[in-house]
Protein chains: 2
Amino acid sequence: MKKTKDENTEEQILEAAKSVFQSKGMDGARMQEIADKAGINKAMLHYYYRSKQLLFEAVFNNAFSLLAPQLNAILNDDSSIEDKIKNFTSNYISFIVKHPYLPNFIIQELNRNQDFILKLKDKGFPNIEKFKKQVNEDVAKGLIKPISAEQLFINIMALNIFPFVAKPLIMAFTNSDDKNYKLLMEDRKTEVANFIINSIKTT
Amino acid sequence: MKKTKDENTEEQILEAAKSVFQSKGMDGARMQEIADKAGINKAMLHYYYRSKQLLFEAVFNNAFSLLAPQLNAILNDDSSIEDKIKNFTSNYISFIVKHPYLPNFIIQELNRNQDFILKLKDKGFPNIEKFKKQVNEDVAKGLIKPISAEQLFINIMALNIFPFVAKPLIMAFTNSDDKNYKLLMEDRKTEVANFIINSIKTT
DNA sequence: ACATTTGTTAACCACTTGGTTAAACCATAT
DNA sequence: ATATGGTTTAACCAAGTGGTTAACAAATGT
């Protein structure tokens, strides 16, 4: 079959592109390096993806569609706020350990090109509305201390994502090597959830 | 005097380079754009700074020496932990509003080039030791709930820095325009400190 | 068997990149 | 005045850059 060969190289290109784009960014990435890593001729990149920009967008959308479901677990799940925080924290950290370049890549490129966010908003972007309702209700019931849903959501994201985005800084400040850093992150699977819940639970 | 002219263009170059490097990063920045922005010939950049790499390092060190004192306020000040958190949160957010590109720039470039962190460590890098001692003592005295100094420090950094690094994401999730985003950040000057203190204070 | 479509390559191209050079400029010291 | 020194410029350069082309290879349909 023709398809096997066909889909194979297309997949190999995407895999190589992912690796190069995610570690060097759009500006730092070189088409030649992607071709080399995929083990094919540079012209093939254009044959399958037409331009650097389109290849990049394929990688970016791919990455974002991995991240989005993670965030939906906080925003649109039906469980209690406490459960959401516990589950998300633990799951997200496991998730990032498997995809270490992902959060940095997305944040960096969203900052570089504001237009991306508009394109993403079209096709079903995670929305805060449901979570907002839940938080407001819980506050009204006295289950958690008064806090705006936006600020709580920002805090959850910050505590979970930042340590990976700022990995080199954190390693430097805490005098950690890679092993020590990994331990710190492992601890955070429970630490972060406790930290948040301690802060918002009513006494 | 010859010096006035001399120091003037050198300063203009650095200013232009700061603006370009901080918004586009090392890879995205173009020497021609820096020259244009400084209103001078491209050759002058090399006359004063020899290479793109050295010009970039001048900008980077400059940026980092602005950020370092902010972090030292948490790590090496003599005030109580609660005061530190309150002051740092408020001060840092004000600081970043004045230098919006700074945290992203530093984090991005540290991730791109691991060697930078080694160079920084030579010349007096903020150190966590004193803060660690303080936290451990306060925990022992029962003033705050048990938490490792490293995790607390990471949390403080995360809650303060992340919202600026991930500005586009946060604006998208919270459906904010620039004005609304600014309000959110303004609120955080007190929100974040309360959030942290609520979490660690003993009841 | 043969024509046609699809996949792949090497060579090439126009253009941009960071960096250099040699000559001009200009304030000052003599 | 003029020689001297640092400052500034226009023109240039080699090495990449993303992208194209035309010819070749391999699979597929008839």
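Below, chains carry the letters A, B, ... as their sequence lines are ordered, and counting in each starts from 1. What's counted below: heavy atoms across the whole structure, side chains too, no hydrogens, waters or symmetry copies.
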Report task. Measure from the side-chain heavy atoms of Ala43(A) and tell me the nearest of dT21(D), dT7(D), dT8(C). Result ->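 The nucleotide sitting nearest to the side chain is dT21(D).
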Requested in this report: Taking only the side-chain heavy atoms of Tyr47(A) (C-beta and beyond), determine which of dT8(C), dT8(D), dG19(C) contains the nearest atom.
Outcome: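 Of all the options, the side chain of Tyr47(A) is nearest to dT8(C).
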In whole Å, what is the span from the [atom1] atom of [X] to the [atom2] atom of [N]?
{"X": "Lys42(A)", "N": "dA10(C)", "atom1": "NZ", "atom2": "P", "result": "12 Å"}
{"X": "Arg50(B)", "N": "dT21(C)", "atom1": "CZ", "atom2": "P", "result": "13 Å"}
{"X": "His46(B)", "N": "dC13(D)", "atom1": "NE2", "atom2": "P", "result": "17 Å"}
{"X": "Asn8(B)", "N": "dA27(C)", "atom1": "CG", "atom2": "P", "result": "14 Å"}
{"X": "Glu33(B)", "N": "dG18(C)", "atom1": "CD", "atom2": "P", "result": "10 Å"}
{"X": "Lys24(B)", "N": "dG18(C)", "atom1": "NZ", "atom2": "P", "result": "12 Å"}
{"X": "Tyr49(A)", "N": "dG7(C)", "atom1": "OH", "atom2": "P", "result": "13 Å"}
{"X": "Met31(B)", "N": "dG16(D)", "atom1": "CE", "atom2": "P", "result": "18 Å"}

Requested in this report: Can you measure from CD1 (Ile144(B)) to CG (Asn136(B)) and round to the nearest 0.5 angstrom?
Outcome: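 Reported value, rounded in 0.5 Å steps: 8.5 Å.
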**Report entry** Comparing Gln32(B) and Gly39(A) on DNA chain C - which has the more 5′ nearest nucleotide
**Finding:**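 With Gln32(B) and Gly39(A) compared, the 5'-side residue is Gly39(A).
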Check this for me: does any side-chain nitrogen of one of [X] and [Y] sit under 4.0 Å from a carboxylate oxygen of the other?
{"X": "Asp78(A)", "Y": "Lys130(A)", "result": "yes"}
{"X": "Glu109(B)", "Y": "Arg112(B)", "result": "yes"}
{"X": "Lys86(B)", "Y": "Glu82(B)", "result": "yes"}

Query raised in the report: Base, sugar-phosphate, or nothing for Met44(B), non-hydrogen atoms under 4.0 angstrom?
Result: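 Base, at least one base heavy atom under 4.0 Å.
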Requested in this report: Could you tell me whether Ala35(A) contacts a base, only the sugar-phosphate backbone, or nothing, with contacts defined as non-hydrogen atoms closer than 4.0 Å?
Outcome: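 No contact.
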Query raised in the report: Going by the angle between their ring planes, with limits at 30° and 60°, are Phe60(A) and Phe116(A) parallel, tilted or perpendicular?
Result: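 Taking Phe116(A) first and then Phe60(A), their aromatic rings lie parallel (interplane angle under 30°).
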Query raised in the report: Would you call the rings of Tyr92(A) and Phe164(A) parallel, tilted or perpendicular if under 30° counts as parallel and over 60° as perpendicular?
Result: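 Perpendicular: the ring planes of Tyr92(A) and Phe164(A) meet at over 60°.
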Requested in this report: Of all the heavy-atom pairs spanning Leu67(A) and Phe95(A), show the shortest one and how long it is.
Outcome: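 Scanning both residues completely, I find the closest heavy atoms to be CD1-CE2, 4.0 Å.
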Can you tell me if the side-chain N/O atoms of [X] get under 4.0 Å from OP1 or OP2 in [N]?
{"X": "Arg30(B)", "N": "dT17(C)", "answer": "yes"}
{"X": "Tyr48(B)", "N": "dT8(D)", "answer": "yes"}
{"X": "Thr9(A)", "N": "dT8(C)", "answer": "yes"}

Could you run down the sub-3.5 Å N/O contacts of the protein with nucleotides 22-25 of chain C?
none

